[in-house]
2 protein chains.
Amino acid sequence: MDVKTLCLGILSLGDATGYEIKKLVADGAFSFFSEASYGSIYPALTKLMDSGLVTCRSESQDGRPDKKIYSLTEDGEQTLKSSMRQSPGPDKQRSEFLASVLFSEAVYPERVTQLISERKLYHEDRIRSLTSLQQEELSPAGRFVIGYGLHIQRAALAFLEDAGELLVQDVESDVV
Amino acid sequence: MDVKTLCLGILSLGDATGYEIKKLVADGAFSFFSEASYGSIYPALTKLMDSGLVTCRSESQDGRPDKKIYSLTEDGEQTLKSSMRQSPGPDKQRSEFLASVLFSEAVYPERVTQLISERKLYHEDRIRSLTSLQQEELSPAGRFVIGYGLHIQRAALAFLEDAGELLVQDVESDVV
DNA sequence: GTGTACATGTAAAGTGTTACATGATTTC
DNA sequence: GAAATCATGTAACACTTTACATGTACAC
């Protein structure tokens, strides 16, 4: 999903500024399944303005650049809806952790133990953030998305508790 | 993880051609956590040659371009090992499915039911491929990585069976 | 006083994908 | 006879990140 559609989608849930969109994508409910930086969000919003899919009202503030609050237009809503008609592409899951485990085995087997224990902390952390997001979330779909994320993180953690031990033993016995 | 390190890692598990690396990344054990196209793999291998991290022997074939089989050098192994010392970055999980669920709710709620049922098929498919990969896999780390993937896919499917129904009901009652 | 949050935006650099070019061989 | 598999490689394009530019206000 490109940044333009992502912005359109976020705006369908309520008006927002570029800054707010970035925050949602970086830390909010969207952080679990998307990513975008200022360098792609601001240009995307400008292009959406040019094609009339969003409008923008400015609120002046003292000491700061004007806040530019974007809203979806009727056209934007239709465009989003027709994007939603397409079946979503497969997930893109890139995990340096899994790659590291697989590649460390041959060249640096002692590393595996550490990777696993660090990974548990990672999942615990993700679970904490998702749990706190769950407190705020409102719409059924929002609850569903957070729930989906939580469920996966918990499953991953449980897997590490079980299979992580086994792997560590296996790799260590190979070293010996 | 950049394509160069990915190639180095795959070569640490055994010699391979660019074509084989692409296949592993697209359909094999690596497909669960990485991605790369010919357009990035071939140039990466050339660069790795230039910096002496891999060597290459050619096997001529009739009617086809020579097979170029790459092997890790001692230098390549050390470089990979020092990459492995870095703690792996966070997972990058991009899910058009989750975005679609969240964004459809407002502009196209009937779509949600379909998204969920298509998604079940998606997970079932992933489970099938991972299960068949599990048959071939050999090393402890390989088994661990596939197991991790399987566990997550199963958890996701289970979540959909439970929460998917609820969501569909919620969204439908909102429409009415 | 130091760091973080607020707020927008651009330019350069890097990375990667898609599409193209080439062509035999095997499977349906 | 069409489509997939084997096999390498390049060029154009798209996308993103990182760094820069600018500046206030508030919390510690």
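Below, read A as the first sequence line, B as the second, and so on, with proteins coming before strands; counting in each chain starts at 1.
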N/O (side chain, B/Ser37) to phosphate O (OP1/OP2, C/dG16) under 4.0 Å: no
Any A/Lys4 side-chain N or O less than 4.0 Å from OP1/OP2 of D/dC15: no
Rounded distance in Å - CD (B/Glu20) to P (D/dT5): 15 Å
Nearest-angstrom distance from the residue atom NZ of A/Lys47 to P of D/dT16: 10 Å
Spacing between A/Lys67 atom NZ and C/dA5 atom C1', to the nearest angstrom: 12 Å
A/Lys22 NZ to D/dT17 P, straight-line distance once rounded to whole Å: 7 Å
Most 5' of B/Tyr70 and A/Gly39 on DNA chain D, judged by nearest nucleotide: B/Tyr70
N/O (side chain, B/Gln61) to phosphate O (OP1/OP2, D/dA7) under 4.0 Å: yes
Phosphate contact (C/dT8 OP1 or OP2) by A/Tyr19 side-chain N/O below 4.0 Å: no
Touch class at under 4.0 angstrom, heavy-atom based, for B/Lys23 against every strand present: sugar-phosphate
Touch class at under 4.0 angstrom, heavy-atom based, for B/Thr46 against every strand present: nothing
NZ/NE/NH1/NH2 to OD/OE distance under 4.0 Å, B/Lys47 and B/Asp50: no
Mutual orientation of the aromatic rings belonging to B/Tyr38 and B/Tyr19 [parallel < 30°, tilted 30-60°, perpendicular > 60°]: parallel
Side chain of B/Arg64 - closest among D/dC6, D/dT10, C/dT17: D/dC6
A/Leu6 CG to D/dC15 P, straight-line distance once rounded to whole Å: 13 Å
Cluster link A/Tyr122 to A/Leu157, ILVMFWY, side chain under 4.5 Å: no
A/Tyr42 OH to D/dT18 C1', straight-line distance once rounded to whole Å: 16 Å
B/Leu13, B/Leu8, B/Leu6 screened by side chain to side chain contact (heavy atoms under 4.5 Å, CB included) with B/Ile10, the one that passes: B/Leu6
Proximity to the side chain of B/Glu35 - top-ranked nucleotide from C/dT17, D/dT18, D/dT8: C/dT17
Atom pair distance, as rounded to whole Å: CD1 in A/Ile69 and C1' in C/dC6: 14 Å
Donor-acceptor under 3.5 Å (B/Gln153 side chain, B/Arg126 main chain): no
Per A/Pro65 side chain, nearest of listed nucleotides C/dT8, C/dG16, D/dC15: C/dT8
Value in whole Å for how far the C1' atom of D/dT8 lies from CD1 of B/Ile21: 13 Å
